[in-house]
Asks: 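Below you'll find the structure I mean.
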Amino acid sequence: MKILVAPCAYKGTIQASALAQAIALGIEESLEESLEESLKNRARPVQVKLAPVADGGDDTLACLKLALPGEFVSKTVSGPTSKPVNAAFFLLDKLAVVELAQASGIAHLQEEQLAPLQANTFGTGQIVELAIEAGAREIVIMLGGSASTDGGSAILSALGAKFTDINGAPLLTDSTVCGGGQLLSIAHIDLGPLRRKTAGIKFLIATDVVNPLLGSDGAAAIFAPQKGATREQVLYLDECLAHFAGALELASTQKISLRCHAGAGAAGGAGFGLALGLGAQFTSGFHWLAAKTNLSEKLEWCDLVVVAEGCLDGQSLSGKATGEILSLANAAGKKVIALPACSQLNAEQEQLFAAIIPTANSSELATLDSVRQAAQLIIELANI
């Protein structure tokens with residue numbers, strides 16, 4: 001029996017790579033305990049392969065590093081509220097993968113530190129600049145887990161874009177004066193310096209968020225409350241993003257509007273800003289990563305797939321990495337066992353899995369030890 005261990009992270013607690021290792025250890029321990037009995041004489045030995053996954057947000061780089069021979073390049077840059085943070089990108093030959101959450105993620109902030117109007121993506125721009133200096137000719141920017149709603153304006157500023165107000169005074173000159181709350185002051189944007197710095201470089205935006213930039217399903221309305229915004233601030237940020245969109249559309253050479261494009265609202269509207277400012281193309285974060293890590297070949301190889309996610313619910317099955325893996329595995333006729341911290345699936349949804357083994361109870365968070373213990377049940381439940 002061949003088992004593919006392909007968990008997503010328990011966001012905010014356990015990385016996908018650590019989960020994969022804990023699950024593999026649990027399987028190994030259950031096999032060792034059973035060797036004296038029937039498993040000792042099985043014709044088919046158990047093989048385990050690790051393939052932790054991400055959908056373009058937090059933990060993407062760690063998953064890439066496990067599968068590919070590239071290297072991390074790190075630097076101290078401006079964090080989401082200008083406090084220095086250490087961030088890295090993944091470099092493989094001329095390809096660089098930048099994870100926005102590394103420099104500009106909400107995980108850098110405690111709840112009392114959230115700054116919905118001031119938080120920005122300037123540090124991500126600094127990382128992109130570092131990737132350019134390292135010789136990258138294709139840069140994939142993974143969107144997700146951001147702390148800001150600045151439309152990606154600070155990334156563009158860090159890469160050379162010039163913003164001025166109605167009097168010609170410079171705006172967004174560094175991370176201390178960036179943020180979504182500043183966008184309403186923009187009167188003019190000059191993309192010339194940015195274009196020169198990024199000439200000849202192909203940019204991709206990797207995200208599985210489908211929200212547009214503005215409106216009731218937009219970046220501010222859906223995601224800003226998670227970043228500390230009040231109802232009034234949400235309305236203000238939506239107005240700021242609309243104003244920024246108009247200014248950037250005037251500055252851009254593209255003739256089509258991207259405000260309603262699926263993914264434009266990703267990472268506080270950074271999807272829109274990067275698509276228009278850098279000429280970046282959108283791609284699915286999960287499918288891009290799956291292609292790079294040869295996930296389809298690994299699914300073909302295995303007999304059983306083990307997935308994991310912090311909370312397994314209906315949203316998990318609608319475009320998220322766990323749901324995508326489940327669909328691919330079911331299409332290939334492979335059994336799937338899930339090890340979520342908790343499950344909120346209904347009875348019909350549960351039937352899509354061979355088994356669901358929660359790794360936490362109502363009073364305690366999941367730990368690597370509880371994941372390992374839960375994984376010891378996989379062999380028995382898979383009927384190996």
Asks: What I want to check is whether the side chains of Thr176 and Asp174 have a donor and an acceptor closer together than 3.5 Å.
Replies: yes

Asks: For the hydrophobic clusters of this structure (ILVMFWY residues joined by side-chain heavy atoms under 4.5 Å, transitively), does one cluster hold both Leu143 and Ile139?
Replies: yes

Asks: So, does Asn346 use its side chain to make a donor-acceptor pair with the main chain of Glu348 at under 3.5 Å?
Replies: yes

Asks: What's the shortest heavy-atom distance between Ala119 and Asp150, and which atoms?
Replies: O-CB, 4.4 Å

Asks: Taking all heavy atoms of Leu365 and all of Ala360, pick out the closest pair and write down the distance.
Replies: C-CB, 3.9 Å

Asks: With a 4.5 Å cut-off on side-chain heavy-atom distances among I, L, V, M, F, W and Y, is there a chain of contacts connecting Val53 to Leu312?
Replies: yes

Asks: To the closest 0.5 Å, what do you measure between CG (Leu194) and OG (Ser157)?
Replies: 9.5 Å

Asks: Just by distance, do the side chain of Gln344 and the backbone of Asp313 share a donor-acceptor pair under 3.5 Å?
Replies: no

Asks: Is the shortest side-chain heavy-atom distance between Ile141 and Ile205 below 4.5 Å?
Replies: no

Asks: Working to the nearest 0.5 angstrom, can you tell me the gap between Leu299 CG and Lys2 NZ?
Replies: 13.0 Å

Asks: Would the distance check show the side chain of Asn294 and the main-chain N or O of Lys292 forming a donor-acceptor pair, the cut-off being under 3.5 Å?
Replies: no

Asks: Does Leu204 reach the side chain of Trp288, with side-chain heavy atoms less than 4.5 Å apart?
Replies: yes

Asks: Using 0.5 Å steps for rounding, measure from the CG atom of Leu278 to the CG atom of Leu191.
Replies: 8.5 Å

Asks: If you define the side chain from C-beta out and look only at heavy atoms, does anything of Glu28 sit under 4.5 Å from Val48?
Replies: no

Asks: Could you pull out the closest heavy-atom pair between Ser216 and Ala221, with the gap in Å?
Replies: O-CB, 3.5 Å

Asks: Is there a side-chain contact between Thr81 and Gln113 (heavy atoms, below 4.5 Å)?
Replies: no

Asks: Count the heavy atoms belonging to other residues, nucleotides or ligands that lie under 6.0 Å from CD of Glu111, then report whether that count exceeds 12.
Replies: no

Asks: When you look at Glu249 and Phe272, which way does the side chain to side chain contact (heavy atoms under 4.5 Å, CB included) test go after all the steps?
Replies: CA-CA 10 Å; Glu249 285 165 349; Phe272 173 84; 4.1 Å; yes

Asks: Would you give the length of the straight line joining atom CD1 of Ile325 to atom OG of Ser316, rounded to the nearest 0.5 angstrom?
Replies: 11.5 Å

Asks: Are Ile201 and Val73 linked, directly or through other ILVMFWY residues, by side chains that come within less than 4.5 angstrom of each other?
Replies: yes

Asks: So does Ser78 get a backbone contact from the side chain of Ser82, meaning a donor-acceptor N/O pair under 3.5 Å?
Replies: no

Asks: Under a single-linkage definition using a 4.5 Å side-chain heavy-atom cutoff for Ile, Leu, Val, Met, Phe, Trp and Tyr, are Leu159 and Phe89 assigned to the same hydrophobic cluster?
Replies: yes

Asks: Got Cys311 and Cys342 here, is their nearest side-chain heavy-atom distance under 4.5 Å?
Replies: yes

Asks: Side chain of Asp165, backbone of Ala187: donor and acceptor closer than 3.5 Å?
Replies: no

Asks: Which value, rounded to the nearest 0.5 Å, describes the distance between Lys49 atom NZ and Cys302 atom SG?
Replies: 9.0 Å

Asks: Can you find a heavy atom in the side chain of Leu172 that is under 4.5 Å from one in the side chain of Asn120?
Replies: no

Asks: With a 6.0 Å cut-off (strictly less than), is the heavy-atom count around CD of Glu350, excluding the residue itself, greater than 12?
Replies: yes

Asks: Scan side-chain atoms only and decide if Lys298 and Thr293 contain a donor-acceptor pair under the 3.5 Å cut-off.
Replies: no

Asks: Can you see which heavy atom on Ala103 is nearest to which on Thr124, and at what distance?
Replies: CB-N, 3.7 Å

Asks: As a quick check of understanding, evaluate side chain to side chain contact (heavy atoms under 4.5 Å, CB included) for His243 and Leu183, giving each step before the final call.
Replies: CA-CA 7 Å; His243 179 81; Leu183 300 179; 5.6 Å; no

Asks: Does the pair Val307 and Leu326 meet the rule for a side chain to side chain contact (heavy atoms under 4.5 Å, CB included), with working shown?
Replies: CA-CA 8 Å; Val307 298; Leu326 177 65; over 6 Å; no

Asks: Between Ser74 and Phe72, is any pair of side-chain heavy atoms under 4.5 Å apart?
Replies: no

Asks: Test side chain to side chain contact (heavy atoms under 4.5 Å, CB included) on Asp217 and Val210; report intermediate values, then the result.
Replies: CA-CA 9 Å; Asp217 293 323; Val210 297; over 6 Å; no

Asks: Spell out, as yes or no, whether a donor-acceptor pair under 3.5 Å connects the side chain of Gln126 to the backbone of Val77.
Replies: no

Asks: What closest approach, in Å, do Thr76 and Pro84 show between heavy atoms, and which atom pair accounts for it?
Replies: CG2-CB, 3.8 Å

Asks: Would you compute the distance between atom CG of Leu156 and atom SG of Cys178 and round it to the nearest 0.5 angstrom?
Replies: 10.0 Å

Asks: Would a distance-only check, ignoring hydrogens and angles, find a side-chain to backbone donor-acceptor pair under 3.5 Å from Glu138 to Lys202?
Replies: no

Asks: Counting neighbours of CD on Gln47 that are heavy atoms of other residues, nucleotides or ligands and sit closer than 6.0 Å, is the number greater than 12?
Replies: yes

Asks: Identify the heavy atoms of Ser185 and Leu171 that sit nearest to each other, and give their distance.
Replies: O-CD1, 3.4 Å

Asks: Parallel, tilted or perpendicular: which one describes the rings of Phe282 and His261, with boundaries at 30° and 60°?
Replies: parallel

Asks: Is the side chain of His108 donor-acceptor paired with the backbone N or O of Gln102 at a distance under 3.5 Å, no angle test?
Replies: yes

Asks: Is it the case that the side chain of Asp208 and the backbone of Lys320 share a donor-acceptor pair, with hydrogens and angles ignored and the cut-off at 3.5 Å?
Replies: no

Asks: Apart from Ile222 itself, which Ile, Leu, Val, Met, Phe, Trp or Tyr residues share its cluster (side-chain heavy atoms under 4.5 Å, direct or through members)?
Replies: Val209, Phe223

Asks: Heavy atoms, side chains only, cut-off 4.5 Å: are Pro116 and Thr149 in contact?
Replies: no

Asks: In this structure, are over 12 heavy atoms from other groups packed under 6.0 Å from Lys75 atom NZ?
Replies: yes

Asks: Any chain of hydrophobic side-chain contacts (each under 4.5 Å) joining Leu4 to Leu66?
Replies: no

